[in-house]
Each structure stands twice: as C-alpha cells, then as structure tokens.
*Asks:* 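Dumping the structure here so I can ask a few things about it.
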There are 2 protein chains.
Amino acid sequence: MGNLTHHHHHHPVDPEKFQAELKDKLNSLGYRYTPQRQQIVGLFLSEEGHLTAKEVTEHVQQQSASIDQATIYRSLEFFYKIGVLSCSQMGGQTVYEIAHSVPHHHLVCTNCDTVMPLDDHHFDDLVAHLWQDHQFRAELTHLTISGLCGHCAN
Amino acid sequence: MGNLTHHHHHHPVDPEKFQAELKDKLNSLGYRYTPQRQQIVGLFLSEEGHLTAKEVTEHVQQQSASIDQATIYRSLEFFYKIGVLSCSQMGGQTVYEIAHSVPHHHLVCTNCDTVMPLDDHHFDDLVAHLWQDHQFRAELTHLTISGLCGHCAN
DNA sequence: CTCCTTATTGCAAATAGTTGCAATAATAAC
DNA sequence: GTTATTATTGCAACTATTTGCAATAAGGAG
Ligand SMILES: [Mn+2]
Ligand SMILES: [Mn+2]
Ligand SMILES: [Zn+2]
Ligand SMILES: [Zn+2]
C-alpha cells in the first residue's frame with residue numbers, strides 16, 4: 001500500500017486537554033468515554049495523518065490485545081458521526097483523521113500516490129453557485145480529488 | 001429546472017451496436033468478450049442508472065445461476081479500468097454505470113437520498129486553477145458531492 | 001475446421017467489514 | 001461508597017469483497 005498518511009501541518013493540540021474536553025463533551029451528550037475510545041483517540045493524536053481501520057486495529061491491539069475489531073469499527077463510525085474524526089476515500093481505502101475546525105481536502109496522484117492538502121476556500125465559488133442556481137446546500141468535508149501531480153503529469 | 005432528479009434518459013445508444021463495438025475494442029486490446037461480460041454489459045444497457053455489485057449479481061444470476069460472484073466483481077473492476085463503466089461512492093456504497101463520453105457528477109442529499117446530476121463544466125474553473133497554481137492535473141470523473149437538497153435544506 | 005496460446009472463469013479459501021445479543025462497566029444519583 | 005441505569009463491549013455469526021489456482025474456452029493462426 002502507498003503512503004496515504006503523510007502530510008500535515010502541525011496543529012498545536014495538547015493531547016491531555018483534548019481528551020479531557022472530549023470526555024466532557026461525550027458525557028454531556030449522554031455518551032461514555034471508555035478506555036477503548038481513549039486509546040483510539042490517543043492514537044490519532046500521536047499519529048497525525050490518515051489511518052485506515054486496519055492500521056488503527058494493529059496499533060491499538062499492540063497495547064491491549066483484547067480490544068475487538070467490532071469495537072474499533074464502531075468507534076471510528078461513532079467519532080465520525082459526532083465530528084471528532086473525518087472520513088474519506090483514498091485510493092479505494094477508507095481513511096480517518098482528527099477533524100480540525102477548518103475543513104481541508106486532498107489532491108491524490110493516481111500514479112505515485114502522493115497526497116497534497118487543498119484548502120477549503122477553493123470550493124467557495126462552487127458551493128455558492130450550487131446554492132444559488134441549484135438550491136443545493138453542499139457540505140464539502142474532506143473531499144478527495146484524483147489526478148496527476150506536477151511531477152507525474154509530464 | 002426540468003428533470004433534475006431523473007437523468008440517464010438521454011441515451012441514444014443502440015445496445016446491439018454498442019456491444020459489437022465493445023467486442024472489437026476488447027479484442028483489439030487482447031481481451032475477450034465472454035458471455036459473462038456480455039450479460040453484465042447488457043444489464044447496464046437495459047437498466048440505465050447506478051447499480052451496486054450486489055444488484056448486478058442478483059440480476060445476472062437470474063439468467064445464468066452459474067456465473068460466479070468473483071467473476072462479477074472482477075468484471076466490474078475490469079470495465080471500470082478500461083473506461084466502459086464509471087464507479088463512485090454513493091451513500092457508502094460502490095455504484096457503477098455506463099461511462100458516457102461526457103463526464104457527469106452527482107449531488108446527493110444526505111437527508112432524503114435524492115440524487116441529482118451535475119454537469120462537468122461546473123468544475124472547469126477549479127480544474128484550471130489546480131493546473132495553473134498547484135501543478136495538479138485533476139481528473140474528475142463521477143464525483144459525488146454530499147449536502148442538503150432544496151427541499152430538505154429549509 | 002483444428003490447433004494453440006493464454007485470458008478468463010469457477011471454485012474455495014482468505015480477508016474485510018457488519019450485526020444481534022448477552023455480559024460488562026461508565027456515569028449519575030443518592 | 002453503593003446502587004441503578006443503560007451505553008458500550010466482546011463474541012460469534014454473518015455478509016461483502018478479494019485472491020490463488022487449476023480448468024476452461026475465446027480468439028487468432030494455419
Ligand atoms: Mn486529510
Ligand atoms: Mn451517475
Ligand atoms: Zn505523482
Ligand atoms: Zn433532500
């Protein structure tokens with residue numbers, strides 16, 4: 001598999017603080033912050049970048065072999081639904097990462113698998129047009145655009 | 001606004017001719033046009049629209065129960081790679097359809113699951129910008145944009 | 001038509017992802 | 001701290017998709 005994970009911009013996030021605030025958020029919503037969920041979030045905080053379910057399973061089960069794959073799949077889906085993780089398709093694989101406050105997208109080279117970040121503002125005009133002329137309220141989060149990078153395009 | 005919700009009815013394709021030309025195309029590339037592949041393409045020509053692998057399997061096995069699921073998955077991938085079928089993610093499912101010469105994209109309402117077509121020209125500016133300022137040659141084929149349709153947005 | 005090459009198939013086993021359910025344990029209330 | 005509530009887990013069974021390989025058959029050559 002290609003290296004789908006590396007790029008990024010270090011967001012200055014304090015893991016302790018992030019987890020503490022997350023626990024409060026979940027509890028206030030009636031959810032629980034279990035050791036399994038803490039481990040999964042902890043992994044994403046230490047490994048900045050995209051992770052597949054399989055990668056999460058391997059890393060997490062190294063620490064606690066008892067944690068089940070069903071728990072991992074359900075946790076990833078859970079964190080995605082409440083907005084803690086973002087989710088996207090990259091090279092036929094589903095990848096997750098911490099969802100930052102400002103959305104970002106990706107350019108993926110179909111030849112060399114390089115992943116480049118793409119700022120959200122590139123879609124402002126399109127979103128405005130879809131709303132005005134198509135009555136459609138687009139919610140672009142973590143879009144993946146395929147193509148050829150400058151190096152592979154010539 | 002016209003027929004926004006139901007597209008795919010603009011298909012002046014003669015199935016006989018399409019299949020004959022496809023056979024020649026495959027043969028000239030060293031591939032073979034087997035009865036299994038003929039049936040799968042025939043299904044897409046009769047059922048205009050998006051089909052999942054499961055739907056293809058059900059329809060095709062009604063005629064020939066002996067055709068294996070592995071053959072169907074491999075055929076869908078094969079036709080996608082040579083450009084006969086397009087492939088996209090819609091509502092977490094992988095769907096295929098005949099790839100028309102002019103690409104199209106989709107707006108999908110996350111609330112009511114309505115699918116609306118979106119013409120390729122909406123991305124012209126974005127593609128030009130990515131090429132000029134990011135040295136990236138975007139190849140947008142059958143993109144899916146999620147959001148809320150006009151009805152669900154208010 | 002017959003033969004040859006090899007692309008493609010069916011099968012079966014492997015891998016990936018999902019789901020129902022009883023047991024567990026995180027949280028809140030006392 | 002103790003208890004009650006119920007969200008969450010592990011398990012196992014299930015569905016979905018992929019893969020290796022020997023058998024098959026499509027298409028080109030003679
Ligand atoms: Mn990303
Ligand atoms: Mn389509
Ligand atoms: Zn490249
Ligand atoms: Zn809608």
Side-chain angles (χ1 to χ4, degrees), chain A residues 1 4 19-43 50-61 63-82 84-85 87-96, chain B residues 19-43 50-61 63-82 84-85 87-96:
Chain A
M1 9 221 83
L4 300 172
Q19 298 241 19
E21 289 178 352
L22 181 53
K23 168 170 163 51
D24 289 342
K25 177 183 176 180
L26 295 195
N27 289 345
S28 70
L29 290 169
Y31 302 127
R32 297 171 187 180
Y33 202 39
T34 64
Q36 291 89 339
R37 288 179 177 173
Q38 291 170 38
Q39 264 190 261
I40 292 170
V41 170
L43 175 63
H50 301 127
L51 293 174
T52 64
K54 194 182 175 188
E55 290 170 333
V56 173
T57 304
E58 287 169 355
H59 284 231
V60 165
Q61 286 188 342
Q63 303 188 328
S64 317
S66 63
I67 186 170
D68 196 79
Q69 52 170 359
T71 301
I72 291 171
Y73 281 103
R74 281 189 283 227
S75 295
L76 293 174
E77 179 70 10
F78 168 77
F79 285 125
Y80 170 61
K81 280 195 173 166
I82 66 171
V84 170
L85 293 180
C87 171
S88 58
Q89 300 293 322
M90 281 178 62
Q93 297 201 297
T94 303
V95 294
Y96 297 85
Chain B
Q19 300 239 17
E21 289 177 352
L22 181 53
K23 168 170 165 51
D24 289 342
K25 177 182 176 180
L26 295 195
N27 288 346
S28 71
L29 290 170
Y31 302 125
R32 297 171 187 180
Y33 202 37
T34 65
Q36 291 89 339
R37 288 179 175 172
Q38 291 171 37
Q39 264 190 259
I40 292 170
V41 170
L43 175 63
H50 302 126
L51 293 173
T52 64
K54 194 182 175 187
E55 289 169 333
V56 173
T57 304
E58 287 169 355
H59 284 229
V60 165
Q61 287 189 341
Q63 302 189 328
S64 317
S66 63
I67 185 170
D68 196 78
Q69 51 172 356
T71 301
I72 291 171
Y73 281 104
R74 281 188 284 227
S75 296
L76 293 174
E77 179 70 10
F78 168 77
F79 284 126
Y80 170 61
K81 280 195 173 165
I82 64 171
V84 171
L85 294 180
C87 171
S88 58
Q89 300 293 322
M90 282 179 61
Q93 296 203 295
T94 303
V95 294
Y96 296 85

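All chains are named by letter (A, B, ...) in the order of the sequence lines, taking the proteins before the strands, and each is independently numbered beginning at 1.
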*Asks:* Please report the distance, rounded to the nearest Å, between CG in Leu29(B) and P in dA26(D).
*Replies:*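 Leu29(B) atom CG is separated from dA26(D) atom P by 19 Å.
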
*Asks:* Report yes if a side-chain nitrogen or oxygen of Thr71(A) is closer than 4.0 Å to either non-bridging phosphate oxygen (OP1 or OP2) of dG10(D); otherwise report no.
*Replies:*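 Answer is yes, contact under 4.0 Å.
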
*Asks:* Look at Thr34(A) and dT9(D) and indicate whether a side-chain polar atom (N or O) is within less than 4.0 Å of OP1 or OP2.
*Replies:*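 Yes, Thr34(A) has a side-chain N/O under 4.0 Å of OP1/OP2 on dT9(D).
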
*Asks:* Quickly work out the Arg32(A) CZ to dT24(C) C1' distance and round it to whole Å.
*Replies:*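 Rounded to the whole Å, the gap is 10 Å.
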
*Asks:* Using whole Å, report how far CD1 of Ile67(A) lies from P of dT9(D).
*Replies:*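 For the pair Ile67(A) CD1 and dT9(D) P, the rounded distance is 8 Å.
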
*Asks:* Under 4.0 Å from OP1 or OP2 of dA26(D): is there any side-chain N or O of Lys23(B) that close?
*Replies:*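 The answer is no; no side-chain N or O of Lys23(B) sits under 4.0 Å from OP1 or OP2.
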
*Asks:* Take the protein atom CD of Gln19(B) and the nucleotide atom P of dA26(D), then report the distance between them rounded to whole Å.
*Replies:*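 After rounding, the reported distance stands at 15 Å.
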
*Asks:* If you assign each of Asn27(B) and Ala70(B) to its closest nucleotide in DNA chain D, which residue comes earlier from the 5' end?
*Replies:*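 Its nearest nucleotide being more 5', the pick is Ala70(B).
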
*Asks:* Using whole Å, what does the distance between atom C1' of nucleotide dT17(D) and atom CD of Glu58(B) come to?
*Replies:*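 After rounding, the reported distance stands at 15 Å.
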
*Asks:* Among the candidates dT9(D), dA16(D), dG10(C), find the nucleotide nearest to the side-chain atoms of Gln36(A).
*Replies:*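 The nucleotide sitting nearest to the side chain is dT9(D).
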
*Asks:* Nearest whole Å is fine: how far is dA25(D) P from Gln38(B) CD?
*Replies:*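 Result: 14 Å.
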
*Asks:* With distance as the sole criterion, do the side chain of Arg37(B) and the base of dT8(C) form a donor-acceptor contact below 3.5 Å?
*Replies:*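 Check fails, no donor-acceptor contact within cut-off.
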
*Asks:* Roughly how many Å is it from CD1 in Ile72(B) to C1' in dA16(D), rounded to a whole number?
*Replies:*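 One finds 13 Å between C1' of dA16(D) and CD1 of Ile72(B), rounded.
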
*Asks:* Rounded to whole Å, please give me the gap between CD in Gln39(B) and P in dT9(C).
*Replies:*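 Going from CD in Gln39(B) over to P in dT9(C) covers 11 Å.
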
*Asks:* Testing the 3.5 Å rule here: is there a donor-acceptor pair between the side chains of Gln39(A) and Ser64(A)?
*Replies:*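 Distance-only check passes for Gln39(A) and Ser64(A).
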
*Asks:* Could you check Ser28(B) against Tyr73(B) and say which one's nearest nucleotide on DNA chain D is further toward the 5' end?
*Replies:*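 Of the two residues, Tyr73(B) wins.
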
*Asks:* Hey, what do you get for NZ (Lys23(A)) to CZ (Arg37(A)), rounding to the nearest 0.5 Å?
*Replies:*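 Interatomic distance, Lys23(A) NZ to Arg37(A) CZ, rounded to 0.5 Å: 12.0 Å.
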
*Asks:* Of the candidate nucleotides dT27(C), dA26(D), dG10(D), which contains the atom at the shortest distance from the side chain of Asp68(A)?
*Replies:*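 Nearest to the side chain of Asp68(A) among the choices is dG10(D).
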
*Asks:* I want to verify a distance call: between dC11(D), dC21(D), dA7(D), whose nearest atom is closest to the Arg74(B) side chain?
*Replies:*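 It is dC21(D).
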
*Asks:* Can you identify which nucleotide, out of dA26(C), dA16(D), dA7(C), has its nearest atom closest to the Pro35(A) side chain?
*Replies:*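 Shortest atom-to-atom distance from the side chain points to dA26(C).
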
*Asks:* Of the candidate nucleotides dA7(D), dT17(D), dA16(C), which contains the atom at the shortest distance from the side chain of Gln69(B)?
*Replies:*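 Looking only at heavy atoms from C-beta outward on Gln69(B), the closest nucleotide is dT17(D).
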
*Asks:* With distance as the sole criterion, is a donor-acceptor pair present between the side chains of Thr94(A) and Gln89(A) under 3.5 Å?
*Replies:*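 Indeed, the side chains of Thr94(A) and Gln89(A) share at least one donor-acceptor pair under 3.5 Å.
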
*Asks:* Counting C-beta onward and ignoring hydrogens, is there a side-chain heavy-atom pair between Gln19(A) and Tyr33(A) closer than 4.5 Å?
*Replies:*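 Sidechains of Tyr33(A) and Gln19(A): in contact.
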
*Asks:* Do Tyr96(B) and Phe79(B) have ring centroids that are under 6.0 Å from one another?
*Replies:*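 No, the ring centres sit 6.0 Å or more apart.
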
